[in-house]
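To find a chain, count down the sequence lines: A is the first, B the second, and so on, and within it residues start at 1.
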There are 2 protein chains.
Amino acid sequence: MALDKIDRKILTLLQKDATMPVAEIGRKVGLSTTPCWRRIQKMEEDGVIQRRVAVLDPAKVNVGVTVFVSVKTNEHNEAWMRKFAGVIDEFPEVVEFYRMSGDVDYLMRVVVPDIGAYDSFYKKLISKINLTDVSSAFAMGQIKYTTALPLDFAIVVDDDK
Amino acid sequence: MALDKIDRKILTLLQKDATMPVAEIGRKVGLSTTPCWRRIQKMEEDGVIQRRVAVLDPAKVNVGVTVFVSVKTNEHNEAWMRKFAGVIDEFPEVVEFYRMSGDVDYLMRVVVPDIGAYDSFYKKLISKINLTDVSSAFAMGQIKYTTALPLDFAIVVDDDK
DNA sequence: GCCACTCACGCAAGATTATTGCGGAAATAC
DNA sequence: GTATTTCCGCAATAATCTTGCGTGAGTGGC
């Protein structure tokens with residue numbers, strides 16, 4: 001599961017553009033097609049590469065507005081958390097959901113077309129599960145968004161090159 | 001740029017798995033290869049599909065910890081914002097960055113291996129740009145994360161089927 | 001030092017998939 | 001009713017993926 005310099009180069013390329021032919025990737029990392037393909041294959045088996053997906057333009061599919069929703073609760077137990085998670089899973093508007101430390105207990109990122117749609121979402125949400133303290137923060141603009149994770153921290157065995 | 005039911009089906013599939021052969025997508029949406037391929041092609045040209053990327057496992061590349069960083073500032077002007085954006089662009093640890101309304105002015109999501117690495121990031125950040133009020137919230141766990149946007153709001157022309 | 005072993009590489013062939021050319025049917029315009 | 005447009009599907013071609021096989025570098029045992 002350790003990655004060398006070539007693996008990381010491959011991942012950097014695939015995180016930007018997963019349509020690139022293996023032959024071209026190989027050329028860019030200084031490898032012929034076969035060993036490059038085998039490396040990619042192995043990283044998929046190992047789960048380093050989880051999947052390949054199409055990324056859409058939020059505005060073009062009419063979900064240009066992002067809202068961050070903070071939730072505080074008194075229900076601090078596993079069962080409630082699972083129920084909450086189950087409810088959230090049913091909402092495709094919620095694209096990220098975290099259990100937090102500190103002030104708020106849960107944080108989610110919601111994408112909607114506009115304020116009105118957010119209100120609909122909100123009402124639907126509180127009808128499915130009882131939430132004591134909810135607060136919403138609207139994003140005025142997305143300055144940066146990337147699915148590419150930094151590879152500077154990845155575990156390495158030999159890093160001579 | 002309007003999408004009909006078939007387009008949305010195609011997008012749903014591609015948002016889950018962009019490696020699926022066009023022939024199979026066609027079969028699933030009730031279309032032969034060629035028209036299905038042309039639809040995908042058109043949606044790429046129109047920018048609805050922005051790109052196809054590989055999604056990695058955060059834990060496997062050693063960035064299992066997410067931190068949300070809230071920033072308040074007194075500098076409410078375009079120039080400063082651009083500078084800030086430029087600085088953030090240089091940090092691969094910052095995977096999302098939003099300009100917010102309300103209490104905080106900016107919100108970013110940062111991925112790191114652990115608390116120590118976050119501290120390094122934090123010190124590096126404040127050395128690059130002067131920030132008055134910064135507060136960090138650590139995620140204890142990622143309950144949901146998807147790159148798939150909801151298509152329920154997409155603009156539609158004819159929706160007979 | 002030499003042999004056996006493993007591992008990663010590259011070439012070349014075969015299998016899949018993407019892409020294009022062409023012709024036909026359904027919907028729309030006039 | 002006819003012309004035009006649009007979308008479909010078949011079949012051929014081009015590109016890419018995937019596998020089989022042989023080679024050389026590096027490693028450990030002796």
Side-chain angles (χ1 to χ4, degrees), chain A residues 1-57 60-61 147-148 151 154-161, chain B residues 1-57 60-61 147-148 151 154-161:
Chain A
M1 209 189 78
L3 306 171
D4 66 4
K5 191 147 193 170
I6 293 179
D7 288 327
R8 279 175 289 154
K9 266 193 188 177
I10 293 172
L11 291 177
T12 300
L13 293 169
L14 285 180
Q15 284 195 117
K16 277 191 198 163
D17 177 12
T19 67
M20 190 179 294
V22 182
E24 188 180 344
I25 297 173
R27 194 175 48 71
K28 293 203 181 193
V29 304
L31 228 53
S32 84
T33 315
T34 305
C36 186
W37 181 82
R38 283 194 217 276
R39 280 166 179 264
I40 294 169
Q41 202 68 9
K42 184 174 186 313
M43 291 192 284
E44 281 174 350
E45 281 167 14
D46 292 348
V48 176
I49 298 173
Q50 281 187 330
R51 57 192 190 283
R52 292 147 186 257
V53 302
V55 176
L56 309 187
D57 183 333
K60 297 265 170 70
V61 294
T147 55
L151 298 174
I155 308 297
V156 174
V157 267
D158 56 348
D159 208 11
D160 41 5
K161 311 199 67 178
Chain B
M1 209 188 78
L3 307 171
D4 66 5
K5 190 148 193 168
I6 293 179
D7 288 326
R8 278 176 290 153
K9 266 192 186 177
I10 293 172
L11 290 178
T12 300
L13 292 170
L14 285 180
Q15 283 195 119
K16 277 190 198 164
D17 177 11
T19 67
M20 191 180 293
V22 181
E24 188 180 344
I25 297 173
R27 194 175 47 72
K28 293 202 180 193
V29 303
L31 228 53
S32 83
T33 315
T34 304
C36 185
W37 181 82
R38 283 193 217 277
R39 279 166 180 264
I40 294 170
Q41 203 68 7
K42 184 175 186 313
M43 292 192 283
E44 281 173 350
E45 281 166 15
D46 293 348
V48 176
I49 298 173
Q50 281 187 331
R51 56 193 190 284
R52 293 149 185 256
V53 301
V55 176
L56 310 188
D57 182 333
K60 296 265 171 70
V61 294
T147 54
L151 298 174
I155 308 298
V156 175
V157 267
D158 58 346
D159 208 11
D160 42 4
K161 313 199 65 179

Taking N and O atoms by type only, does the side chain of B/Thr34 place a donor or acceptor under 3.5 Å from a partner on the base of C/dT20?
yes
Just to be sure I follow the notation: if a pair is Watson-Crick (purine N1 to pyrimidine N3 plus N6-O4 or O6-N4) or a G-U wobble (N1-O2 and O6-N3), each under 3.5 Å, what dot-bracket string does DNA chain D give, with | for pairs to another strand?
||||||||||||||||||||||||||||||
Rounded to the nearest angstrom, tell me the gap between atom CD1 in A/Ile25 and atom P in D/dT16.
11 Å
Locate the shortest heavy-atom distance separating B/Val22 from B/Thr33; write the atom from each residue and the value.
CG1-O, 3.7 Å
Would you say C/dT19 has OP1 or OP2 under 4.0 Å from some side-chain N or O of B/Arg38?
no
Tell me: CD of B/Gln41 to C1' of C/dT20, nearest whole Å?
11 Å
Heavy-atom pair of closest approach, residues B/Asp7 and B/Ala2:
OD2-O, 4.2 Å
Between A/Met20 (CE) and C/dT17 (C1'), how many Å, whole number?
19 Å
Kindly indicate whether the side chain of B/Val29, heavy atoms from C-beta on, has any atom under 4.5 Å from the side chain of B/Leu13.
yes
To the nearest Å, how far apart are B/Arg39 CZ and C/dT20 P?
18 Å
Grab the CG-P distance between A/Leu3 and C/dA8 for me, whole Å please.
13 Å
Validation row: B/Val156, B/Asp4 side chains within 4.5 angstrom (heavy atoms)
no
Against the side chain of B/Ser32, the closest entry in C/dC9, C/dT19, D/dG9 is D/dG9
Given that A/Pro21 and B/Gly30 both sit by DNA chain D, which one's nearest nucleotide is further toward the 5' end?
B/Gly30
Just the rounded figure in Å: distance from C1' of D/dC8 to CD1 of B/Ile6.
10 Å
Any B/Arg39 side-chain heavy atom under 4.5 Å of B/Lys42 side chain:
no
Would you mind reading off the distance between B/Lys42 atom NZ and D/dT6 atom P, rounded to a whole angstrom?
11 Å
Length of the line joining B/Glu45:CD and C/dT19:P, which is rounded to integer Å:
12 Å
As a test of understanding, state which of A/Arg51, A/Gln50, A/Arg52 forms a side chain to side chain donor-acceptor pair (under 3.5 Å) with A/Glu44.
A/Arg52
Give a yes/no answer on whether the side chain of A/Trp37 brings an N or O atom under 4.0 Å of OP1 or OP2 in D/dT18.
yes
Where the side chain of B/Leu31 is concerned, which of C/dA8, D/dG9, D/dT18 is the nearest nucleotide?
D/dG9
Closest heavy-atom contact between B/Ala18 and A/Ala54?
CB-N, 3.7 Å
